[in-house]
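Just so we're on the same page: letters track the sequence lines, and every chain starts at 1. Hydrogens, waters and symmetry mates play no part in the numbers below; they use all other heavy atoms, side chains included.
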Amino acid sequence: MALRVGHDRPDPVAYNGCVCFPATFYHNRHRHYRDEVGAEAPAFCRVILEARLQYWADEMIAGLPQEEFVFNDSKTYSGSAHVGSLRGPVIHDVLYRSALDAGRRARFLYGSDDMDALDAVPPGLSQETYRPWLGKPLCEVPSPDGSPRSYARYFYDEFMAAQHKLGISPEPYHMSDLYRSGRMNGVIRTLIEAADELRAIYLEVSQSGREEDWIPFSPVCEKCGRIAMTRVHHFDGERVHYRCQPNAMHYAPGCGHEGAVAPWDGAGKLPWKLEWAARWQVLGVNFEGAGSDHSIAGGSRDVADAITRRVFGAEPPANLPYEFLLLEGGKMSSSKGIGLSAHEATEALPAQQLRWLQVRTRPRTAINFNLGENAIPRLFDDFDVAAERYRDGSAEGWQRRQFELAQVRRDPDVMAGYRPRFAHVVTISQIPGADTETYFAQHKGAPLLPAESDELRERLAYAPVWLERFAPAKARFEVQESLPPEVKSLDAAQRRFLISFARWYEQARPADGESIHAAIMDLARREQGGAGFAFRALYRIFLGRSSGPRAGEFLAALEPSFVRSRLKAAVAALD
RNA sequence: GGCCCCGUAGUUCAGUGGCAGAACAGCGGACUUUUAAUCCGCGUGGCGCAGGUUCGAAUCCUGCCGGGGUCACCA
């Protein structure tokens, strides 16, 4: 927007009870007064910089009139939900918490679209067992674990467990319950009777035609039990007349049955785009973000919005299009076996870091999620930096909110507490017998608070997972149980050093890493060429390699009797 | 082909009209060169390219280049 001094005037912004103007206007005004009036600009031209420093969720909530927010999100469980599916729940949970923090009333609903058909058998499940179920509603398909719950319910429970780990606890619902209880009956009738209008909406909004006798409903076939390929061609006021079409879907055939059934109480379902609009009415949803696949111009969100306005005469929920979570730069696909399920992700890295990863990124930006090399330690580091800035007050307002909303549990002691660097914990965790609690209390400079001990224990518990699955080889080390045979490769200077170091260690009985480090340097100085040879000798006999963690602290953390016997054995082997 | 997102330090990314930032890596130091654990210090930059708007552009507009995503039906 181009502004001219003394001409255009931007819309004022209400902020904290003051009327303010955008920065551009202020600067133009300021120049105008300075150059043409020869005076200071009046005080009413105030630039409120804080306004653009808000966290996106708070800004969004502040801009909406809802007295009570009803957030909704849902998913079809045709298999394990992949980790990218967590983006919707995280975004909605952040908005939900933001609304509550703003003093609004709010609910957060999460649905299982379990009237949808099974459209593929995911890899890992028996093709023979599940092929007969293709095309049937997920609420009817048996669970993979043999339990009485449905296939959809099994994967729903798995995904909700992952959500709970991230601190997300929406109110659950299942579309099959909504249909069977009759709560959908009213909107089903409205939509079936509005078939002509719906056909027009499809044509206008998404440029896709529907046949003249198209009725928007898919009954469960009374003969074969499939729902995906039934086509209704007539509604007589009470019953829909349908045919189970043999060639409608590529993944499973219809049985050819022709019948008529009352479309109420779970006898079938609405097509997706209509069902979306219908459930908004039934559940009173007034905010629902949509993934970028739905958010295409003329896509399902546009159709659902148009139906809400034109058929239900209501305003559609506020929208927030969001991008996906990509793994290693590519889209995850459970059917191709690429990617990681949400459940697996909560085992591959701590829930707190998984939540942080998503909360720190704005919804419209795709998250490129990596697990390899040092990605996870860096995630810890980034989180810890945010925590430190939160603690010492140097964080901007939006950064504070980002950190608050990233918390799995909003525990003030944890948020403000000391946290050991993850890479540090990884190293200490590999030293057998190390007293980690004491070690990190010493590093902190004070005893650990209960919440800090918990945090340490969580990191200690996760360290072996990272070491085993993702760490580069050089991050791993192992104290050798017996003297490594490569001790023979040590040279004369290293042998002399080990003899004198063993003697010193025997006499000094050192208790702390610093004095050990000092002794190593001291003894090494007696040889030529720096201290490297001495450290390499120690790493060789304890770890079987030529480098390792800081030697002083490392040796101090080991059992003294073990250190003595290993030194003795090494000296003996070198004779 | 249409649409959306991204392109900023070696790397991953913040910043979205007002003095180019952080983390990690790196470099220097903490005993006279051990180290992917600690501490202190140091920012290494044509903000993808070309125009435009503006007093002022990484930020807004147009076009282009590169990367990713998405677009029948179904969901």
Asks: Do A/R153 and A/D114 meet the salt-bridge criterion of a basic N to acidic O distance under 4.0 Å?
Replies: no
Asks: Could you state the atom-to-atom distance from CG of A/L134 to P of B/A75 in whole Å?
Replies: 15 Å
Asks: Do any side-chain nitrogens or oxygens of A/K269 fall under 4.0 Å of OP1 or OP2 in B/A75?
Replies: yes
Asks: Could you tell me the separation between the CD1 atom of A/I431 and the C1' atom of B/U35, rounded to a whole number of Å?
Replies: 13 Å
Asks: In this structure, how many angstroms lie between the P atom of B/C74 and the CH2 atom of A/W272, rounded?
Replies: 12 Å
Asks: Using purine N1 to pyrimidine N3 plus N6-O4 or O6-N4 for Watson-Crick, or N1-O2 and O6-N3 for G-U wobble, each under 3.5 Å, what pairs with B/C49?
Replies: B/G63
Asks: Taking CZ from A/R360 and C1' from B/C13, how many angstroms apart are they, rounded to a whole number?
Replies: 7 Å
Asks: Looking at the side chain of A/M521, which of B/C31, B/C24, B/C5 is the nearest nucleotide?
Replies: B/C31
Asks: Tell me whether the OP1 or OP2 atom of B/C4 has a side-chain N or O from A/R364 closer than 4.0 Å.
Replies: no
Asks: Check the distance between B/A14's P and A/Q402's CD and give it to me in whole angstrom.
Replies: 10 Å
Asks: Under 4.0 Å between a Lys/Arg side-chain N and an Asp/Glu carboxylate O for A/D113 and A/R279?
Replies: yes
Asks: Considering Watson-Crick and G-U wobble pairs with both distances under 3.5 Å, what does B/A9 pair with?
Replies: none
Asks: Where the side chain of A/R362 is defined as all heavy atoms beyond and including C-beta, which of B/G15, B/C74, B/A25 is the nearest nucleotide?
Replies: B/G15
Asks: Rounded to whole Å, how long is the line connecting atom CZ of A/R231 with atom P of B/C73?
Replies: 15 Å
Asks: Is there a Watson-Crick or G-U wobble partner for B/U70 with both distances under 3.5 Å, and if so, which one is it?
Replies: B/G2
Asks: In terms of side-chain heavy atoms of A/Y439, which of B/A37, B/A75, B/C31 is nearest?
Replies: B/A37
Asks: Which label fits A/W356 and A/F403: parallel for a plane angle under 30°, tilted from 30 to 60°, or perpendicular past 60°?
Replies: perpendicular
Asks: For B/G26, which nucleotide is its Watson-Crick or G-U wobble mate, given both distances must be under 3.5 Å?
Replies: B/C42
Asks: Is it the case that the base of B/A75 and the side chain of A/Y77 share a donor-acceptor contact (distance under 3.5 Å, atom types as modelled)?
Replies: no
Asks: Evaluate the ring planes of A/Y156 and A/Y110, with Trp represented by its six-membered ring, and classify them as parallel (under 30°), tilted (30 to 60°) or perpendicular (over 60°).
Replies: tilted
Asks: Quick test of your reading of the model: are A/R421 and A/D384 salt-bridged, counting only N-O distances below 4.0 Å?
Replies: no
Asks: Can you measure A/E323 atom CD to B/G68 atom P for me and round it to whole angstrom units?
Replies: 14 Å
Asks: Suppose we define a pair by two distances each less than 3.5 Å, Watson-Crick or G-U wobble; what does B/G18 pair with here?
Replies: B/C55
